[in-house]
Amino acid sequence: MTQLDDFRRAIREADPHLSRFDPLPRIICLDDFDRGMCGWTQLVGNYEDTLDAMLPGYAQHSHAMLSTLPNWDFGSHGGVDGSYALKIATRPKKGAQNVAIKRLTFRKPGPIRLEAYFTFKPEASELQLSETDIRSFGFLYDLQIGDTSGPGDRVMPHLRFLNAQDGKHIQRWQFKRRTTPIKPIGTAGKTITHYHLAPDDWEDLPGGEQRLCYNEIPTKVNWHYLRFDFDLAAMQATRFQVNDRVFAMDGFDCIRIPAMKNLWCMLNLAFFAETDTDKRAFAYLDSVCLSGEF
Amino acid sequence: MLPENLTAVVARNEIWTGSSATEPYEAGWAREAIVFVRALKQPKGALPKARIEISADGMHWCAEGSEFPLPAAQDAVTFQRLAHFGNFLRVAATLPDGAEITVLVTLHLKA
């Protein structure tokens, strides 16, 4: 640790907004949804000529919202330190998914760190605990090397907490190495599509079982901390932590597909929710901090 | 900081028949809204008016009182201004047999 590191840490620890994160030296964004949408939007699928060309996986997506986590039985829950969180809500159909995404590019291929405070719950439409109604909560990067850095791939690290499947409470982190076949869109030869959040091809993260706090009724939630470290130079994950658990990433890998002609230095980050019943799944982000070593 | 101002697409290329509605949208931070509805394809049959609905919990809905026409032709647009709507908001319509419209529904929200 240099004197600069010590000084930087002292300043950050004195700031309540930053003190609950452990960012790398450069903060790329600190998104507290008490300040608004902070550049998070919906993941729309590719199309040409007609929206009918959009894959169904994307067509189901809708806009994230600023939520106070209101509940019919006790009112607004609020965030970690304010009134609002970003809410990602699925439709009420088994297997439905929704995604919120932020689209950036990177300026140095080196270590980056994603930190977030998150929670999830089903729509409280029954007077039951409903702990197996959410299938998963997860996040991903969509990355590609710089135009002169190649050869290289488009790389998409995915992690999800598989909470339940077909009514069974599983509670395990999973990753993905495969996407759906790449399909051309339209006739201009400029656009392709694939659905990387398809329900197939998820693999168990070794040692990735984790029992998260989910409380006693379907309207209560508790906030969780996650941190995911990734090296944009090696295009490898280096560390993954959720609350008190740090998971070995030796067995982790990413979706890797050929680099595309229009995505150089892409740094997209996304969070998603998936329901396991005909009931809406809600994922909430209180805040997200993305930082880098540059 | 400028007040929050959001364009939220809440239904895109959705075919409405029978009882149809947008997904619940939380907008308690917004003091005003305009709902735009555009027909993406030529509608079929006799179109009813659309109505604004509000809710305490996103599950139990009340008609807010505002009604406005659904767009009668492809690419036609209709809208409804709103204020004082609480938190949960949606657009709903009950289409008679044989009526169908493919909609793009957008909320324009301002704090």
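Every chain is numbered from 1, with letters handed out A, B, ... down the list of sequences.
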(message) Counting only non-hydrogen atoms closer than 4.5 Å, can you tell me which residues of residues 82-90 of chain A sit against chain B?
(response)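 Interface residues of residues 82-90 of chain A: A/Tyr84, A/Lys87, A/Thr90.
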
(message) Does any backbone or side-chain atom of A/Tyr58 lie under 4.5 Å from a heavy atom of chain B? Answer side chain, backbone, both or neither.
(response)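 Interface part for A/Tyr58: backbone (N, CA, C, O).
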
(request) Please state whether the side chain, the backbone, both or neither of A/Arg35 comes within less than 4.5 Å of a heavy atom of chain B. (result)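 A/Arg35 touches chain B through backbone and side-chain heavy atoms alike.
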
So how far is it from [X] [atom1] to [Y] [atom2], rounded to the nearest 0.5 Å?
X       : Y        : atom1 : atom2 : value
B/His60 : A/Ser125 : NE2   : OG    : 9.0 Å
A/Met65 : B/Phe88  : CE    : CZ    : 7.0 Å
B/Tyr25 : A/Ser67  : OH    : OG    : 10.0 Å
B/Asp57 : A/Glu123 : CG    : CD    : 8.0 Å
A/His63 : B/Leu6   : NE2   : CG    : 4.5 Å

(request) Taking salt bridge (charged side-chain N to carboxylate O under 4.0 Å, His left out) as the test, write out the residues that go with A/Glu115, two or more places apart. (result)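 Partners of A/Glu115 by the salt bridge (charged side-chain N to carboxylate O under 4.0 Å, His left out) criterion come out as none, since no residue qualifies.
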
(request) With sequence neighbours left out, write down each residue that passes salt bridge (charged side-chain N to carboxylate O under 4.0 Å, His left out) with B/Asp75, or none if nothing qualifies. (result)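 Result, salt bridge (charged side-chain N to carboxylate O under 4.0 Å, His left out) vs B/Asp75: B/Arg38.
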
Heavy-atom pair of closest approach, residues [X] and [Y]:
X       : Y        : result
B/Met59 : A/Ala124 : CE-O, 3.3 Å
B/Gly58 : A/Arg280 : O-NH1, 4.5 Å
B/Arg12 : A/Leu51  : CG-CD1, 3.9 Å

Is atom [atom1] of [X] surrounded by more than 12 heavy atoms (other residues, nucleotides or ligands) closer than 6.0 Å?
X        : atom1 : result
B/Phe36  : CZ    : yes
B/Phe68  : CZ    : yes
A/Ile11  : CD1   : yes
A/Lys94  : NZ    : yes
A/Lys220 : NZ    : yes
A/His194 : NE2   : yes
B/Arg81  : CZ    : no

(request) Decide yes or no for A/Asp52 and B/Lys41: does some side-chain heavy atom of the first lie under 4.5 Å from some side-chain heavy atom of the second? (result)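 Contact flag for A/Asp52/B/Lys41 side chains = yes.
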
(request) Tell me, for B/Leu40 versus chain A, whether the close heavy atoms (under 4.5 Å) come from the side chain, the backbone, both or neither. (result)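 For B/Leu40, the side chain is the part near chain A, not the backbone.
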
(request) Under 4.5 Å heavy-atom distance to chain A, tell me which part of B/Pro24 shows up: side chain, backbone, both or neither. (result)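 Both backbone and side chain.
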
(request) Determine yes or no for a side-chain-to-main-chain donor-acceptor pair under 3.5 angstrom, with B/Glu23 supplying the side chain and A/Ser62 the backbone. (result)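 Side chain of B/Glu23 to backbone of A/Ser62: no pair is present.
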
Indicate every side-chain donor-acceptor pair of residues 91-105 of chain B with a distance under 3.5 Å to a residue at least two apart or in another chain.
unit_1, atom_1, unit_2, atom_2, d
B/Thr94, OG1, B/Arg51, NH1, 3.2
B/Thr94, OG1, B/Arg51, NH2, 3.4

(request) Flag the one option from A/Val44, A/Asn71, A/Thr41 with the top tally of heavy-atom pairs under 4.5 Å to chain B. (result)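 If we count pairs closer than 4.5 Å to chain B, A/Val44 comes out on top.
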
